[in-house]
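Written below as structure tokens is the structure these notes are about.
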Number of protein chains: 2
Amino acid sequence: MLSESAQPKDRPTMRDVAALAGVGIKTVSRVVNGVSTVAPELVERVRSAADKLGYRPNLTAANLRRSGGRTNTIGLLLEDIGNPFSSAVFRAVEDYARDRSVLVLAASLDENPQRERELTRKLIDRRVDGLIIMPAAQDYRYVLSEQQAGMSFVFVDRLPTPLLADAIVSDNRGGARTAVEHLLRTRRRRVAYFGDDMAIPTAAERFAGFTDALAAAGLVPDDRMVRHGLRTAEQARRAANDLLAGDPPEAIFTSQNLVTVGVVEALHERDLQHDVAIVGFDDIPFAAVLQPGITVMAQDPAAVGRKAVSRLFDRMNGDQSPPAVHTVLTRLIVRGSGELRLPE
Amino acid sequence: MLSESAQPKDRPTMRDVAALAGVGIKTVSRVVNGVSTVAPELVERVRSAADKLGYRPNLTAANLRRSGGRTNTIGLLLEDIGNPFSSAVFRAVEDYARDRSVLVLAASLDENPQRERELTRKLIDRRVDGLIIMPAAQDYRYVLSEQQAGMSFVFVDRLPTPLLADAIVSDNRGGARTAVEHLLRTRRRRVAYFGDDMAIPTAAERFAGFTDALAAAGLVPDDRMVRHGLRTAEQARRAANDLLAGDPPEAIFTSQNLVTVGVVEALHERDLQHDVAIVGFDDIPFAAVLQPGITVMAQDPAAVGRKAVSRLFDRMNGDQSPPAVHTVLTRLIVRGSGELRLPE
DNA sequence: CTGAAAGCGCTTACAG
DNA sequence: CTGAAAGCGCTTACAG
């Protein structure tokens, strides 16, 4: 009863324009598509008829018959459009796509594999020309049949298993290792780890980098100072307060930005920010405003996005080379918190 | 020469499925659309034929003939998908749309009116069901003819002129006024203003709120303490350092988050953070960790996005009421910097 | 319950 | 240079 759709007040079609201009529909088509072999006088008649009627071509109808049948649309499935990493990837993808007159249909997955399947299907049913996915699922065999049907895929931030398509990932393990090695140069030895759910592949990689660095220094992680499964800043703040209340660590490595925020808050609450060194994975806005500034291992989401979209367009244009993993390097940004001098 | 498009390996169509299942195309259509009046045995034959061929329906083709002709897609034009305000609006829009099986085509405008016109047209040519726009342009008369053709519009963050469609905006003027009135309660009188380009309507509104509050207290802005046109944190930091080097103000109001960051950095550089009170418009991460914490007037981008998308769907469902402006209230978050006590 | 015909708005392939 | 016919993949409207 409620929602009786607004009267669609049917838009003018090419037929309407043709009738008003007194030409054939094909001539209107030529003018709309900028084909140059139309008599100037007819071009003018068609133009003014189109303007008068407020005619706008229907692109989906045009693509239906058009050979190749591109929709000039790509799909982008992100972890969460609201988070800075996802939105920076989006921005890079958008810029590249816009230069090629391609639009982006985007949605968030929130680590929900089922939603990923549904959205993938919906995007395919709309015949996007290609798909960039920040994976939430674990099984990507369905990709195979879609690729055979001509769909292009690129994965971002995490590796699909098995590797059926290109993937662009940050150097999570190497970056984490470098970050912790940097931290160890303060000659601190008791290093705590605060991290996200280990079921998330990037979190597991970063934890591996953490243990790599300790091992290289002849150390092993102390289980009492390792906390996994932190998904929010508030959870991280509590966990850190908990640990700091006892015998505090000398240094802390945090595996992602929300965790870093929560742990830094706890350090400030306890006035330990000048005593306990910290390096976080992922940059955070305004990290430089704090005293001390927060040293981080920054990812480069724009580079990830650019690489992903350029691979996707290569694939859409017929590149048949075997799928490959592209690793985007991370960068240490030194701001103070990771270089605290040990008291004499 | 270069990009020979990948062989489209033409996807199976309903006709292919019908042939394999030994039924008419219309029966396949019924099964795909879940029409219940099909013999169970035929349903089964169609299903297995579809699976075998990897059939996926072509939604754009389906919508072409379908009455009403909805594409179940809306367009969203933001200032910059990469900035937190835009991406928070996006997230709210997405959640509402997804619950209704509608996807979102999004793009950034970067304050470029020409790009806004082009993208609006492209989205209309794809026959989105509605359009949410964070305006960059100044002239919205084209909206009128599109509305007559059945397109729904909602504007966000800024008002279109003339007001031809619903608009959802933050309470920029009122929020700024309340923020500055709060600041004046510290009994400081010499209040500086640091703000963005006055050509941006929200910046102008916030400056108006600033002067409103001063006027209500019997004060007038001191031109020497008013700086417009600050677009980055670095510009704001320099401008603040410049002012603070001379005879510093007693209090500062900043009109957006990047400006707040730059000014706070300058205050810390000069160790004036406990002497000069400050309130910023727009919340910033880590504002609570600083000493003192930064008091802000926070916007609610999620509420803006929710309201915008629900108005849009109402319009799409035939709501014909006159266009209205919906104001989303801002919220003062007290953290210390705006409540500094005056030295005796 | 099932399917052949016509049509959605456009383009392709072909005559003139 | 121009346009009538056929077709893109599907749905509507209609017979049976």
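Numbered from 1 within each chain, the chains take letters A, B, ... in sequence-line order.
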(request) Write down the distance between CE (A:M14) and C1' (C:dT11), rounded to a whole number of angstrom. (result) 8 Å

(message) Salt bridge check, B:E118 against B:K122: does any charged N sit closer than 4.0 Å to a carboxylate O?
(response) no

(message) Atom CZ of residue position A:R98 - does it have more than 12 heavy atoms of other residues, nucleotides or ligands inside 6.0 Å?
(response) yes

(request) Using a cut-off of strictly less than 4.0 Å, decide whether B:S29 has a side-chain nitrogen or oxygen near OP1 or OP2 of D:dT11. (result) yes

(request) Report the distance from atom CG of B:N63 to atom C1' of D:dG9, rounded to the nearest whole Å. (result) 12 Å

(message) Distance check needed: C:dC10 P versus B:R126 CZ, whole Å only.
(response) 15 Å

(request) Check every strand shown and say whether A:R15 touches a base, only sugar-phosphate, or nothing at a heavy-atom separation below 4.0 Å. (result) sugar-phosphate

(message) From OH of A:Y55 over to P of C:dG9, roughly how many Å is that when rounded to an integer?
(response) 10 Å

(message) So if I take every side-chain heavy atom of A:T37 and compare against C:dT11, C:dC10, D:dT2, which nucleotide ends up nearest?
(response) D:dT2

(request) Give a yes or no on whether a donor-acceptor pair under 3.5 Å exists between the nucleobase atoms of C:dG7, that is its base, and the side chain of B:R66. (result) no

(message) Looking at A:R15, I'd like to know if its CZ atom is crowded, meaning that more than 12 non-hydrogen atoms belonging to other residues, nucleotides or ligands lie closer than 6.0 Å.
(response) no

(request) Give a yes/no verdict on a cation-pi contact between B:R11 and B:Y55, requiring under 6.0 Å between NZ or CZ and the six-membered ring centre and an angle within 45° of the axis. (result) no

(request) Identify the two heavy atoms, one from B:V104 and one from B:F90, that lie closest to each other, and give their separation to 0.1 Å. (result) CG1-CE2, 3.9 Å

(message) By nearest atom, which of the nucleotides D:dG9, C:dA13, C:dA4 is closest to the B:K26 side chain?
(response) C:dA4

(request) On DNA chain C, check which nucleotide each of B:R127 and B:G24 is closest to and give me the residue with the more 5' one. (result) B:G24

(request) Identify which nucleotide among C:dC10, D:dT11, D:dG3 has an atom closest to any side-chain atom of A:V23, counting heavy atoms from C-beta outward. (result) D:dG3

(request) Would you indicate whether the side-chain heavy atoms of B:M134 and B:R158 approach each other to under 4.5 Å? (result) no

(message) Of the listed nucleotides (D:dC10, C:dT11, D:dT2), which one gets closest to any side-chain atom of A:R65?
(response) C:dT11

(request) Locate the shortest heavy-atom distance separating A:V328 from A:A303; write the atom from each residue and the value. (result) CG1-CB, 3.9 Å

(request) Taking only heavy atoms on the protein side, list every residue of residues 39-46 of chain A lying under 4.0 Å from any atom of DNA chain D, sorted numerically. (result) A:A39, A:L42

(request) Choose from C:dT2, D:dG9, D:dT11 the nucleotide whose nearest atom is closest to any side-chain atom of B:V38. (result) C:dT2

(message) Taking only side-chain N and O atoms of B:R11, does any of them lie within less than 4.0 angstrom of OP1 or OP2 on D:dG9?
(response) no

(request) Using Watson-Crick or G-U wobble pairs with both distances under 3.5 Å, give me DNA chain C in dot-bracket, 5' to 3', with [ ] for crossers and | for pairs to another strand. (result) |||.||||||||.|||

(message) Counting only side-chain nitrogens and oxygens, does B:N33 get under 4.0 Å of the OP1 or OP2 atom of D:dT11?
(response) yes

(request) Report yes or no: is the cationic atom of A:R117 (NZ for Lys, CZ for Arg) under 6.0 Å from the centre of the six-membered ring of A:Y142, at an angle within 45° of the ring normal? (result) yes

(request) Identify, between B:L64 and B:I25, the residue whose nearest nucleotide on DNA chain C lies closer to the 5' end. (result) B:I25

(message) Of the options D:dC8, D:dC10, C:dG3, whose atoms approach the side-chain atoms of B:P57 most closely?
(response) D:dC10

(message) Between P on D:dC8 and CG on A:N58, what's the gap in Å once rounded to a whole number?
(response) 18 Å

(request) Assess the side chains of B:R91 and A:S108: does a donor N or O sit below 3.5 Å from an acceptor N or O? (result) yes

(message) Could you tell me how far apart B:R56 (CZ) and D:dC10 (C1') are, to the nearest whole angstrom?
(response) 15 Å

(request) Compute the centroid of each ring, for A:F155 and then for A:Y140, and state whether the two points are separated by less than 6.0 Å. (result) yes

